[in-house]
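The next block holds one structure in the form of structure tokens; read it before the comments.
Just so it is clear: chains get the letters A, B, ... in the order the sequence lines come, proteins before strands, and each one is counted from 1.
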Amino acid sequence: MYLRHLGYACKNVTLRLNTGQTFRLSSLTPERAATTVAANLDALEAMLRWNAAHDIRFLRISSDIVPFASHPASSFDWEEAFTDRLAEIRAYADAEGIRLSMHPGQFTVLASPRPEVVEAALADLAWQARFVHALDPDEGTLTLHVGGAYGDKPSALERFAQNFRRLTPLAQRMLILENDDKVYHADDVLPLCERLGVPMVFDFFHHRLHHLEGRREVGLLDLRERVVATWGERVPKFHLSSARDGGPRTAHGDFVLEEDLTAALDLMAQVGGDRPFDLMLEAKQKDCAVLPLRHFQRQGLREGAW
DNA sequence: GCGAGTCAAGGTAGG
DNA sequence: CCTACCTTGACTCGC
């Protein structure tokens, strides 16, 4: 496989722009929501233009782009209010070949034993699936973690599978599952993905944390063919970070070390033949972490060129 | 403008 | 039981 796009998440440090400006629940009114979403969409468009100019064609949109979108107290209809604006941005992203994704936060938990938590997660995933789909119907994704273990991982996995079937058809289609840093290792997530027919987004950094701490012996070497297979004909997506110097072991660094990127590229070069994959860099410095690594992208590469 | 206090939400680890 | 941490820190108030 070869690296097609490098991406970053939610914010642009250079432009000081954020696709997820929000406000307190106590400030929620339809007017405030409309103003904030309009500003977030403007920020998104400016980031897309900057990205295209810098050959960055992969971006995660903040799940706060529509604050309180699925909250019971919100009556603001973003789809109706911004139909034309969304179509405009979609056309631009499409013309520039930019892939988009969203990643609900820690509170969206489909495996929870608490019904109210699951209901909220279903509502959250429903609107976010519609949002990504409106902007990138071809390659958009919705990244999710499995959730907690609650002292009984098999039961939690079973609950996840049952609740997955309750998602809207669109959310089921957009969803992809990521291995996390402490509970659901790649060899927990992969069988679940295979069972549900959901692509797996493999996070190199999370995977390595499990290895360094001796919780698992299974390496990516043993899993990579199966991880890629979960994507079918779609372009697989991976996550990569470097550790933060001196920070908590799970903290993301400001940048991504070139050696961490080349290690990931080497691992994937031997899989999947002449096939592209995309890589989301999770680094505090966002776009500034991507810029120095762009030359590793092989845009529009055809076989034999690498 | 700025520092302090607070924020919708879940879950885990360590004390 | 409680606090700290993860994550996208950053909004809001009172000075």
Side-chain angles (χ1 to χ4, degrees), chain A residues 7-29 32-33 35-37 39-40 43-44 47 59-76 100-128 131 142-153 155-157 159-160 163 178-185 188 201 203 205-206 209-210 213 215 239 241 243-244 246-254 280-290:
Chain A
Y8 62 94
C10 306
K11 289 193 281 201
N12 183 295
V13 170
T14 306
L15 299 175
R16 296 207 179 108
L17 286 176
N18 179 3
T19 58
Q21 188 193 130
T22 184
F23 47 81
R24 297 288 167 87
L25 180 57
S26 60
S27 306
L28 175 63
T29 62
R32 181 69 187 266
T35 310
T36 303
V37 174
N40 285 339
L44 173 62
M47 282 167 61
L59 180 71
R60 180 190 301 169
I61 300 168
S62 167
S63 52
D64 277 333
I65 192 156
V66 184
F68 306 104
S70 60
H71 193 283
S74 179
S75 60
F76 178 67
L100 297 168
S101 70
M102 284 177 86
H103 191 341
Q106 68 210 100
F107 304 109
T108 304
V109 188
L110 275 185
S112 177
R114 296 167 49 193
E116 70 275 20
V117 173
V118 173
E119 294 307 318
L122 292 169
D124 218 24
L125 291 165
W127 86 260
Q128 289 188 39
F131 197 95
L142 197 48
T143 306
L144 189 67
H145 293 284
V146 180
Y150 318 92
D152 181 357
K153 208 187 265 191
S155 299
L157 284 164
R159 260 196 316 275
F160 186 99
N163 291 330
E178 179 185 354
N179 53 311
D180 66 50
D181 58 357
K182 47 178 180 287
V183 180
Y184 290 95
H185 184 264
D188 294 315
V201 51
D203 187 304
F205 180 63
H206 292 162
L209 283 170
H210 283 272
E213 297 174 7
R215 281 189 290 239
H239 288 180
S241 319
R244 179 164 205 79
R249 56 173 191 76
T250 56
H252 294 158
D254 284 343
M280 175 63 55
L281 300 185
E282 295 182 312
K284 298 278 185 200
Q285 293 300 315
K286 308 291 180 186
D287 49 296
C288 293
V290 176

Please identify each residue that fulfils salt bridge (charged side-chain N to carboxylate O under 4.0 Å, His left out) with A:Asp152, with sequence neighbours left out.
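If we apply the salt bridge (charged side-chain N to carboxylate O under 4.0 Å, His left out) test to A:Asp152, skipping adjacent residues, there are no hits.
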Suppose we screen for salt bridge (charged side-chain N to carboxylate O under 4.0 Å, His left out). Which residues come up paired with A:Glu282, at least two apart in sequence or across chains?
A:Arg60
If you measure only the distance, is there a donor-acceptor pair under 3.5 Å linking the side chains of A:Ser70 and A:Asp124?
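Yes.
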Exercise: do A:Glu178 and A:His103 side chains pair donor with acceptor under 3.5 Å:
yes
When rounded to the nearest Å, what value does the distance between [atom1] atoms of [N] and [M] take?
{"N": "C:dC6", "M": "B:dC2", "atom1": "C1'", "result": "28 Å"}
{"N": "B:dT6", "M": "C:dA4", "atom1": "P", "result": "14 Å"}
{"N": "C:dA10", "M": "B:dG11", "atom1": "P", "result": "25 Å"}
{"N": "B:dC7", "M": "C:dT8", "atom1": "P", "result": "22 Å"}

Looking at B:dA9 and A:Phe107: do their rings stack (centroid distance under 5.5 Å, interplanar angle under 30°)?
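Stacked: centres under 5.5 Å apart, planes under 30°.
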Whether [X] contacts [N] is assessed here as follows: a side-chain N or O lying under 4.0 Å from the phosphate OP1 or OP2. Is that the case?
{"X": "A:Ser27", "N": "C:dT12", "value": "yes"}
{"X": "A:Arg24", "N": "B:dT6", "value": "no"}
{"X": "A:Thr108", "N": "B:dG10", "value": "no"}
{"X": "A:Arg32", "N": "C:dT12", "value": "yes"}
{"X": "A:Lys284", "N": "C:dG9", "value": "yes"}

Output for pair (A:Asp203 CG, A:His239 NE2), nearest 0.5 Å, gives 6.5 Å
Out of [options], which nucleotide sits closest to the side chain of [X]?
{"X": "A:Asp64", "options": "C:dT12, B:dG10, B:dA9", "answer": "B:dA9"}
{"X": "A:Lys11", "options": "C:dT12, C:dT8, B:dG10", "answer": "C:dT8"}
{"X": "A:Asn18", "options": "C:dT8, C:dA10, B:dG10", "answer": "C:dA10"}
{"X": "A:Val183", "options": "C:dT8, B:dA8, B:dT12", "answer": "B:dT12"}
{"X": "A:Cys10", "options": "C:dT8, B:dT12, C:dC11", "answer": "C:dT8"}
{"X": "A:Pro113", "options": "B:dG11, C:dC11, C:dT12", "answer": "B:dG11"}
{"X": "A:Val109", "options": "C:dT8, C:dC11, B:dG11", "answer": "B:dG11"}
{"X": "A:Leu25", "options": "C:dG9, B:dA8, B:dT12", "answer": "B:dA8"}

Mind listing the closest non-hydrogen atom pair of A:Cys10 and A:Met47 along with its distance?
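For A:Cys10 versus A:Met47, the nearest heavy atoms are O-CE, 3.7 Å.
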Between C:dT8 (P) and A:Leu59 (CG): distance, integer Å:
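So the two atoms are 13 Å apart, to the nearest Å.
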Grab the CD-P distance between A:Gln21 and C:dA10 for me, whole Å please.
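Between P of C:dA10 and CD of A:Gln21: 10 Å.
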Within 45 degrees of the axis of the six-membered ring of A:Phe68 and under 6.0 Å from its centre: does A:Arg24 put its NZ or CZ there?
no
Which range-with-range stems can be found for DNA chain B when each stem has 3 or more Watson-Crick or G-U pairs in a row and both distances sit under 3.5 Å?
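Looking at DNA chain B, the stems formed by three or more consecutive pairs are B:1-7 with C:9-15, B:10-15 with C:1-6.
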Side chain A:Ser63 and base C:dT8 donor-acceptor under 3.5 Å:
yes
For the residue pair A:Val118 and A:Val109, establish whether any side-chain heavy-atom pair is separated by less than 4.5 Å.
no
